Every structure is written in structure tokens, then in C-alpha cells.
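See structure below.
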Amino acid sequence: MKARLTVLGSGTSMGVPTIGCDCAVCHSTDPHDRRTRPSILIEYGDHVVMIDSTPDFREQAIREQIRTIDAVLYTHTHADHILGIDDLRPLSFRHKPNKLPLYASQEAVDFIRSMFRYIFDADYKFGGLPLVELRVINGPVDLFGARFEPVTVIHGEAEIYGFRFGSAAYLTDHSEIPEASLAKLQGLDILFLDALRHKPHPTHSTVENSLQIVERLKPKRAFFTHICHDLPHEATNASLPPNVRLSFDGMKLGFEI
Ligand SMILES: [Zn+2]
Ligand SMILES: [Zn+2]
Ligand SMILES: [Zn+2]
């Protein structure tokens, strides 16, 4: 089935420009250097699935004119990946009398439930709550005729999820990819990888490290995400192999799901 992937956000946790920063990338006039927090949208058939809901979700949804979301999959519970949950409100109301399903690991479900207690705690009276329900990921998730397979990656000291869906995979936030997960990433058309910057970081991949993963997995096309202000879009792309590009907010790609 034909599918379309939209990059909602390509930036690291603080976004680019970073508040209070005077560096060249934070002051760049190239719109590709403006990076909101990391998330993607996948559209196929009549359905729309999002991966992560960032603090920039509202801005992203308005920019991309998102009219509906049928499910959200979560990679992990760092603030830059979950803080948009409250802004799911207007789209969640369209699911009445049902709720918009949010899929995450058991650990992530427990964390989201306690962090957003006002949403999930029935005794906590509050107006205008998002109509969402948490569902635990126990293996591949079948959504509207497509399969989303969780792929475990190492993010510093935590094990979190990336996802493979059809001929594409989205791995944000990883410092290491275990062998068993690399085996699930063969034969890809599109591979998204974390590439924070050049300098090593304890919980994120670098451009150099992710280029080695591309070399090993040989996807047709690779795109880097979770990018910080160390990487100017145009100059960095000019230094990359032709099948590897920095992703950017609003980038759209076709693939088979
Ligand atoms: Zn992150
Ligand atoms: Zn900066
Ligand atoms: Zn993270």
C-alpha cells in the first residue's frame, strides 16, 4: 500500500533555534535550519498515524493542516516526545464516543499515566480533557492494515523503541542499536536515524556513527533527525553521501507500507 511520511519535527530536545543562543545556525535565514521537536506523521489509505507528540505538536499540526489522527505511537517518555499530549484535544474529540489510542511500552504507559494524572485519573475533575486511552505495546501493532514493529534501541542507559513499518523505519534517540534490532532493519527504502551533531554524546548518535549504521544496513535512502544547532542544513548535506540527507520540518516522502 502506498504511504506518505511527513517530518513534523527534525530538531533535538531544545529545538533550533535554541532559546538565548547566538550561534550561526540559530540565526540562519534558511528555513531548513528551523527545527521543531522530533515527530513524524504517516498517512496511508484513509488513516493517519503519528509517532510521538512533542511540545511543538500544535504548531506542527497547524503548519501541516492535520485534520485527523487515528493513533499515536510513542518511542519513549522524554519530555520532547510526549509533552504535546494535551494538544491532542481537538483531534481526540473527533473520536467520540471512542478515544484516540496512544500506544507505548508498559513502562512508558505507566509514566505517561502518572505524568498526565489529570487526564487519566477519574477522580481528578478538570474541564476540556483530551479523550485519549493508553494501550500497551506487546510486539507488533497492527493499525488499519499496516504493521508497526517496535525495534529496541539503546538511548544512554534506557531501552526505548524505534518502529519499522513496511519499507521504512524511524529510529530517533539512540546511542546504540543492538544486533537483534539491526536484523529487523534489512531491506529498507527509508531509514531515519538520530544524528544529534558531530561531537559524541552519551545518549545520542552522531553524524559519523549514523553514517556507519547506514553503511552497514544499506537502506536506499537515509535521513537524519533529532538534529541540534551544530549542524547547518546546507553545509552538512553537502558533506553527506548522496543517499543520506538531513531531514527537515515539513519534508515529505513516499514509500510502501
Ligand atoms: Zn529526544
Ligand atoms: Zn545555536
Ligand atoms: Zn530521549
Side-chain angles (χ1 to χ4, degrees), residues 7-41 50-60 72-85 87 102-112 114-116 137 150-163 169-178 181 191-207 209-210 213 223-236 246-249 251:
V7 176
L8 296 178
S10 57
T12 188
S13 56
M14 289 194 280
V16 181
T18 302
I19 294 172
C21 184
D22 292 320
C23 81
V25 174
C26 286
H27 284 268
S28 164
T29 52
D30 180 352
H32 298 104
D33 284 326
R34 191 179 167 83
R35 302 173 180 129
T36 59
R37 267 59 75 83
S39 172
I40 59 168
L41 198 72
M50 184 164 74
I51 299 185
D52 291 333
S53 56
T54 84
D56 294 316
F57 170 66
R58 178 179 169 278
E59 188 188 329
Q60 295 164 344
V72 185
L73 296 166
Y74 287 94
T75 58
H76 66 308
T77 55
H78 284 162
D80 51 325
H81 298 261
I82 65 168
L83 283 187
I85 286 180
D87 280 325
L102 313 180
Y103 291 87
S105 69
Q106 180 68 60
E107 194 187 351
V109 159
D110 294 344
F111 185 94
I112 292 170
S114 79
M115 177 131 177
F116 292 89
I137 294 175
V151 178
T152 299
V153 295
I154 310 299
H155 181 26
E157 299 199 340
E159 277 193 4
I160 68 157
Y161 283 156
F163 293 97
Y170 179 73
L171 311 182
T172 178
D173 299 60
H174 54 85
S175 42
E176 218 184 300
I177 304 177
S181 297
L191 173 61
F192 274 77
L193 294 169
D194 180 349
L196 181 74
R197 61 189 189 191
H198 293 294
K199 207 173 122 199
H201 187 281
T203 64
H204 288 280
S205 187
T206 58
V207 170
N209 185 55
S210 285
I213 299 168
F223 299 94
F224 291 166
T225 188
H226 217 291
I227 308 160
C228 87
H229 58 171
D230 287 6
L231 303 181
H233 183 80
E234 210 181 305
T236 308
L246 293 190
S247 70
F248 57 87
D249 289 26
M251 177 184 239

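Values below: every heavy atom of this structure, side chains too, minus hydrogens, waters and symmetry copies. Ligands are counted one by one from 1 in listed order, and the atoms in each one are counted from 1 as well. Since the structure is predicted, the reported quantities are computational estimates derived from the model, not experimental observations.
Contact check on Asp56 versus Arg37 returns a salt bridge, with a Lys/Arg side-chain nitrogen under 4.0 Å from an Asp/Glu carboxylate oxygen.
The aromatic rings of His32 and Phe248 sit perpendicular, their planes meeting at an angle over 60°, well past the 30° parallel limit.
The N, O or S atom of His78 lying closest to the Zn ion (ligand 3) is ND1. Atom ND1 is the N/O/S atom of His229 found closest to the Zn ion (ligand 2). Among heteroatoms of the N, O or S kind in Asp80, OD2 lies nearest the Zn ion (ligand 1). Within His76, the N, O or S atom at minimum distance from the Zn ion (ligand 3) carries the name NE2. In terms of distance to the Zn ion (ligand 1), the nearest N, O or S atom of Asp173 is named OD2.
The local environment of CZ in Arg58 is sparse, with at most 12 non-hydrogen atoms from other residues, nucleotides or ligands closer than 6.0 Å.
Using modelled atom types, one finds no donor on one side chain facing an acceptor on the other under 3.5 Å when comparing Ser105 with Tyr74. For the residue pair Ser10/Asp249, the side-chain donor-acceptor check at 3.5 Å is satisfied.
Under 2.8 Å from the Zn ion (ligand 1) lies an N/O/S atom of His81, whether from backbone or side chain. At a cut-off of 2.8 Å, His226 coordinates the Zn ion (ligand 1) through an N, O or S atom. Using a cut-off of 2.8 Å, one finds that His27 contributes no N/O/S atom close to the Zn ion (ligand 2).
His155 places a side-chain N or O within 3.5 Å of a backbone atom of Thr203 that can act as its donor or acceptor partner.
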